[in-house]
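Numbering starts at 1 and runs along the sequence shown.
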Amino acid sequence: MINTVVIRPCTPGDEPLMSEIVCDAAQAYKGKIPADRWHEPYMPLEELRAEIAAGVRFWGAEVGGTLVGIMGIQDVDNAAGDVTLIRHAYVRTTQRGLGIGGRLLKHLKGLSRRPMLMGTWAAATWAIGFYRKHGFALTSLTEKEKLLRTYWNIPARQVETSVVLADARALGMLRETVSAAGEFARIAELWTPRLAGELNGQLVKFVRLKGEFEWHTHTDEDEMFWVLEGSLTIAMRDRSVVIGPNEFFIVPRGVEHKPLCAEECRIMLFEPAATKQYGDQPGA
């Protein structure tokens, strides 16, 4: 953490440097986000100015009198509810890990009295972790798709490859009951979990299964399988457990296991956000 950070509104004279900061920081996305969403320069000056003209107000972080990070906010009025969006948050590569992004976000949160939303690439796990650390929660896929189409003006491909995080006020505004049948109806591929919610750092997911998964281990997380339809077998090295409808089983952390089912099985997963689908190490 550094102490000589000054947060101030950005001015027209800052715009060339702002574009430079974005293009430098966005290199972290290269090779991570879908190739058809990447372009260079990532945000040319004319695009930045178009965002400002559309109502994005930028604030900057100075260190030693030099602008090193920016973050924008945009108020959006809508019949579904008025919100403030966090837009285009970037810190120069050489200044990462010093708390600059956190100071910018804290300042912007203090400016808004509206519910706040933030959209980013699904592959930008470091950005998702940053916002979760500062009180934002991941919205479900259904919520995300609705929010992106309501409050953003972006292509369908970007909707598909993005996530939305919300503060507590925004979550209170948008939360509705979740239908398991409705979630399963939106799942086209087997073994592809669909995020349905988050609470206290735990993700709730629905997934359709058929066949066999790989042997894998979660070193630091327990994993809960709750069967809603069908039957699921959890094979472990010393035994197997069969889970029927309306039953669940918790695989303890560190236990190697393999889910399998001959016929389609529909389950709910409840696990920490850090849990990796394929485990932390290869199976034996």
Practice task
Please list, chain by chain and in numerical order, all residues satisfying salt bridge (Lys or Arg N to Asp or Glu O under 4.0 Å) with R37, sequence neighbours excluded.
Solution key: none
Completion exercise
Distance col, row S162:OG vs R157:CZ, nearest 0.5 angstrom, shows 9.5 Å
Problem - Check ion pair D222-R253 (N to O, under 4.0 angstrom) - result: yes
Practice task
Go through the structure and list residues passing ring pair (Phe, Tyr, Trp, His ring centres under 6.0 Å) with F270, not counting sequence neighbours.
Solution key: none
Exercise for the section: Check whether any side-chain heavy atom of V251 lies under 4.5 Å from a side-chain heavy atom of I234, and answer yes or no. Expected result: yes
Problem - Ion pair R92/E20, N-O distance below 4.0 Å - result: yes
Problem - K109: salt bridge (Lys or Arg N to Asp or Glu O under 4.0 Å) partners, not counting sequence neighbours - result: none
Fill in the blank from the handout: Taken in chain and number order and not counting sequence neighbours, the residues that satisfy side-chain hydrogen bond (donor to acceptor under 3.5 Å, both in side chains) with T142 are E183, R194
Practice task
Mind listing the closest non-hydrogen atom pair of L85 and V76 along with its distance?
Solution key: CD1-CG2, 3.7 Å
Handout entry: Residues in side chain to side chain contact (heavy atoms under 4.5 Å, CB included) contact with A180, at least two apart in sequence or another chain
Key = F184, F206, L228
Problem - Spatial distance of atom CD (E15) from atom CD1 (I70) [nearest 0.5 Å] - result: 10.0 Å
Exercise for the section: Count the heavy atoms belonging to other residues, nucleotides or ligands that lie under 6.0 Å from CD of E40, then report whether that count exceeds 12. Expected result: yes
Completion exercise
In short, ring-ring contact (aromatic ring centres under 6.0 Å, His included) pairs touching residues 231-256 with sequence neighbours left out are W226-F248
Practice task
Would you tell me whether E223 and H257 have side-chain atoms, one donor and one acceptor, within less than 3.5 Å of each other?
Solution key: yes
Exercise for the section: Please list, chain by chain and in numerical order, all residues satisfying salt bridge (Lys or Arg N to Asp or Glu O under 4.0 Å) with K210, sequence neighbours excluded. Expected result: none
Exercise for the section: List the atom of P12, the atom of P16, and the distance in Å for their closest heavy-atom pair. Expected result: O-CD, 4.2 Å
Exercise for the section: Check whether the ring centres of W38 and Y29 lie less than 6.0 Å apart, and answer yes or no. Expected result: no
Exercise for the section: Of all the heavy-atom pairs spanning M173 and P115, show the shortest one and how long it is. Expected result: SD-CG, 4.3 Å
Fill in the blank from the handout: Of all heavy-atom pairs linking M268 and V204, the shortest is SD-CG1, 3.7 Å
Can you give the donor-acceptor pairs under 3.5 Å from side chains of residues 58-69 to other protein atoms, not counting sequence neighbours?
residue, atom, partner, partner atom, Å
E62, OE2, R8, NE, 2.6
E62, OE2, R8, NH2, 3.0

Problem - Stacked cation flag R96 on W126, 6.0 angstrom / 45 deg - result: no
Handout entry: Carboxylate-amine/guanidinium proximity below 4.0 Å for E51 and R49
Key = no
Exercise for the section: Just jot down the side-chain hydrogen bond (donor to acceptor under 3.5 Å, both in side chains) partners of Y42, sequence neighbours excluded, or say none. Expected result: W121
Fill in the blank from the handout: Applying ring pair (Phe, Tyr, Trp, His ring centres under 6.0 Å) to F225 and not counting sequence neighbours gives none
Practice task
Search all heavy atoms of G244 against all heavy atoms of V227 and return the closest pair with its distance.
Solution key: O-CB, 3.3 Å
Handout entry: Residues forming a salt bridge (Lys or Arg N to Asp or Glu O under 4.0 Å) with D77, sequence neighbours excluded
Key = R114
Exercise for the section: Using the side chain to side chain donor-acceptor pair (under 3.5 Å) rule, collect all pairs that involve residues 145-156, keeping only residues at least two apart or in two chains. Expected result: none
Problem - Atom of E198, atom of L138 and distance for their closest heavy-atom approach - result: OE1-N, 2.6 Å
